[in-house]
Amino acid sequence: MEQTINIFDGLNPEQAEAVRSIHGPVLVNAGPGAGKTATLTKRAQYMIMQGIDPASILLTTFTNKAANEIKERIVKVVGEDGKRITVGTFHSICNRILRVHGHKLGYTKTFTILSEDDTNKVMKKAAKQYALDEGALKAYVSACKSKLLTPSKAMEVAKGMEKDLANAYQVYQDTIFENQSMDFDDLLLNTVLLLENYPDVKKALNNKWKYISGDEVQDSSDTDARLMELLAGETQNVFLVGDDLQ
C-alpha cells in the first residue's frame, strides 16, 4: 500500500485519473512540462503493482534514451520483475517482431537494416534509371511508406510525372529486398503488412501484449497509428499521451 501511495505523490487529480485508467482506449492531451511521460511511467508501475503481468505491457516512445530511462524508473519502483515489460521505439519493436515473423514476407532472420549511406546509394541508382532527382525520389518513397503505400499501391494512385517516381520506388524496393535489406521506414511498414495479412501473427502478438502505451503520439505517422491499432487487437487497451499543439 505504501508503494501505491508513493506512485500518486506529486500527481494532480487529472494525472492520477490517467494512471488509474487501465482498460479501454485513453488519450491524454497536455502541453509541454505537464508530466505526460511521468504519468505514462507511473501508470505502468501502477499496473504491475495491481497484478498485471509486466510481459503483457508494451510501451512505445520515440528515442532509445527515453525508452531506457522509462524502463529504469519502472524497475526502480516495482523491482526486477519490471524488466519483463517491453519498452522501446517503434523501430526497435518492429525490428524484434520482424526477426521472428519476417520470413512470412520473404525475409530471413538475418536481414540487414540499411544505413543512411547505403539507402542513398540504392536510391541514387533507382533515380538515375528514370532521370529523377535523388532527393525528390527519397522524399516520395518516405512519404509513401508513411501513408502505408507499397510500390504497387503508389502506382495505382500515381498521376502524370508521379508514375516515374512510383516506378523508381518499385526498383528501389525490389533492389533492397533482393539484398535482404530494409530501410528504417520498412521496419514499420512491413510490420503493418505482416499484421494485416497474417492473422496468426497478429493473434500471437495480441495475446502477448494486452496493454499498449504510446508516448509523444503527436509525432506519429499514419503507419505508427495503424501499427498501434493492430497491436492493440480487439481489446483496444491503448493509452496514448501527446501534445496536439506541438
Side-chain angles (χ1 to χ4, degrees), residues 25-28 36-37 40-41 43-45 47-48 52-75 81-105 107-115 119 142 145-148 180-242:
V26 178
L27 174 62
V28 176
K36 296 187 295 296
T37 302
L40 181 145
T41 303
R43 179 176 176 271
Q45 294 167 345
M47 289 168 67
I48 294 170
I52 290 175
D53 183 359
S56 70
I57 302 172
L58 170 64
L59 199 157
T60 67
T61 188
F62 275 83
T63 68
N64 290 317
K65 181 181 178 182
N68 292 333
E69 289 176 351
I70 288 171
K71 194 160 191 174
E72 286 174 4
R73 291 176 192 171
I74 291 170
V75 171
D81 204 33
K83 291 183 178 179
R84 295 171 57 235
I85 190 173
T86 301
V87 186
T89 65
F90 281 110
H91 292 94
S92 67
I93 290 163
C94 288
N95 182 35
R96 296 183 211 180
I97 292 171
L98 291 167
R99 294 291 173 189
V100 177
H101 303 287
H103 63 279
K104 290 182 177 289
L105 299 178
Y107 291 92
T108 65
K109 291 182 178 181
T110 56
F111 69 83
T112 57
I113 301 172
L114 293 175
S115 66
T119 297
S142 184
K145 291 182 179 181
S146 72
K147 296 174 184 175
L148 300 172
Q180 285 293 294
S181 299
M182 297 187 200
D183 61 25
F184 282 101
D185 290 332
D186 283 327
L187 292 173
L188 275 62
L189 177 59
N190 282 335
T191 303
V192 168
L193 295 175
L194 181 69
L195 294 171
E196 286 182 337
N197 293 290
Y198 294 92
D200 58 324
V201 176
K202 183 177 182 298
K203 183 178 180 180
L205 293 176
N206 290 160
N207 288 336
K208 174 180 173 64
W209 292 314
K210 297 179 181 178
Y211 300 90
I212 315 292
S213 297
D215 197 10
E216 302 291 352
V217 295
Q218 74 277 354
D219 296 324
S220 298
S221 66
D222 291 349
T223 308
D224 299 333
R226 179 60 176 150
L227 180 61
M228 294 287 276
E229 180 184 7
L230 290 164
L231 288 173
E234 293 181 3
T235 61
Q236 289 296 297
N237 287 328
V238 185
F239 182 86
L240 305 176
V241 297

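Bear in mind the structure is a predicted one, so any value in this text is a computation, not a measurement. In this chain, numbering begins with 1 at the start of the sequence shown.
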Would you check if Val28 and Leu240 make a side-chain contact, meaning some heavy-atom pair closer than 4.5 Å?
no
Give, for atom OG1 of Thr61 and atom CD1 of Ile70, the distance between the pair rounded to the nearest 0.5 Å.
4.5 Å
Distance col, row Tyr211:OH vs Thr235:OG1, nearest 0.5 angstrom, shows 8.0 Å
Side-chain contact test, heavy atoms from C-beta onward, threshold under 4.5 Å: evaluate it for Ile74 versus Thr41 and give yes or no.
yes
When rounded to the nearest 0.5 Å, the distance separating CG of Leu189 from CE of Met182 is 10.0 Å
Has the side chain of Tyr107 got a donor or acceptor atom that lies under 3.5 Å from a matching backbone atom of Leu98?
no
Nearest heavy-atom pair of Ala232 and Ile212: which atoms, and what distance?
CA-CG1, 3.9 Å
Is the shortest heavy-atom distance from the side chain of Thr119 to the side chain of Phe184 under 4.5 Å?
no
Is there a side-chain contact between Leu227 and Leu195 in this structure, where contact means two heavy atoms from C-beta onward sitting under 4.5 Å apart?
yes
Thr37 versus Glu69: any side-chain heavy-atom pair under 4.5 Å?
no
For Asp185 and Ser142, which heavy atoms make the closest approach, and how far apart are they?
OD2-OG, 3.1 Å
Check the side chains of Thr112 and Ser181 for a donor-acceptor pair under 3.5 angstrom, ignoring hydrogens and angles.
yes
Is any side-chain heavy atom of Asn190 less than 4.5 Å from a side-chain heavy atom of Asp186?
yes
Side-chain contact, heavy-atom cut-off 4.5 Å: Asp53 with Arg84?
yes
Count the heavy atoms belonging to other residues, nucleotides or ligands that lie under 6.0 Å from NZ of Lys202, then report whether that count exceeds 12.
yes
Which distance, rounded to the nearest 0.5 Å, do you find between the CE of Met228 and the OG1 of Thr223?
13.5 Å
For residues Gly88 and Ala67, report the shortest heavy-atom separation together with the two atoms involved.
CA-CB, 3.8 Å
With sequence neighbours left out, write down each residue that passes ring pair (Phe, Tyr, Trp, His ring centres under 6.0 Å) with His101, or none if nothing qualifies.
none
For the side chain of Asn206 and the backbone of Leu230, is there at least one donor-acceptor N/O pair under 3.5 Å apart?
yes
How far apart are the closest heavy atoms of Asn197 and Leu193, and which atoms are they?
ND2-O, 2.8 Å
Separation of Ile113 CD1 from Asn95 CG (nearest 0.5 Å)
4.0 Å
Side-chain donor/acceptor of Asn68 to backbone N/O of Asn64, under 3.5 Å
yes
Using the six-membered ring of Phe111, assess whether NZ or CZ of Arg99 lies under 6.0 Å from its centre and within 45 degrees of the ring axis.
yes
Are the side chains of Leu59 and Phe239 in contact, using a 4.5 Å heavy-atom criterion?
no
Heavy-atom nearest pair, Ala44 first then Ile57, reads O-CD1, 4.5 Å
Between Gln45 and Arg73, the two heavy atoms sitting closest are NE2-O, 2.9 Å
To the nearest 0.5 Å, tell me how far Ile85 CD1 sits from Ser213 OG.
7.5 Å
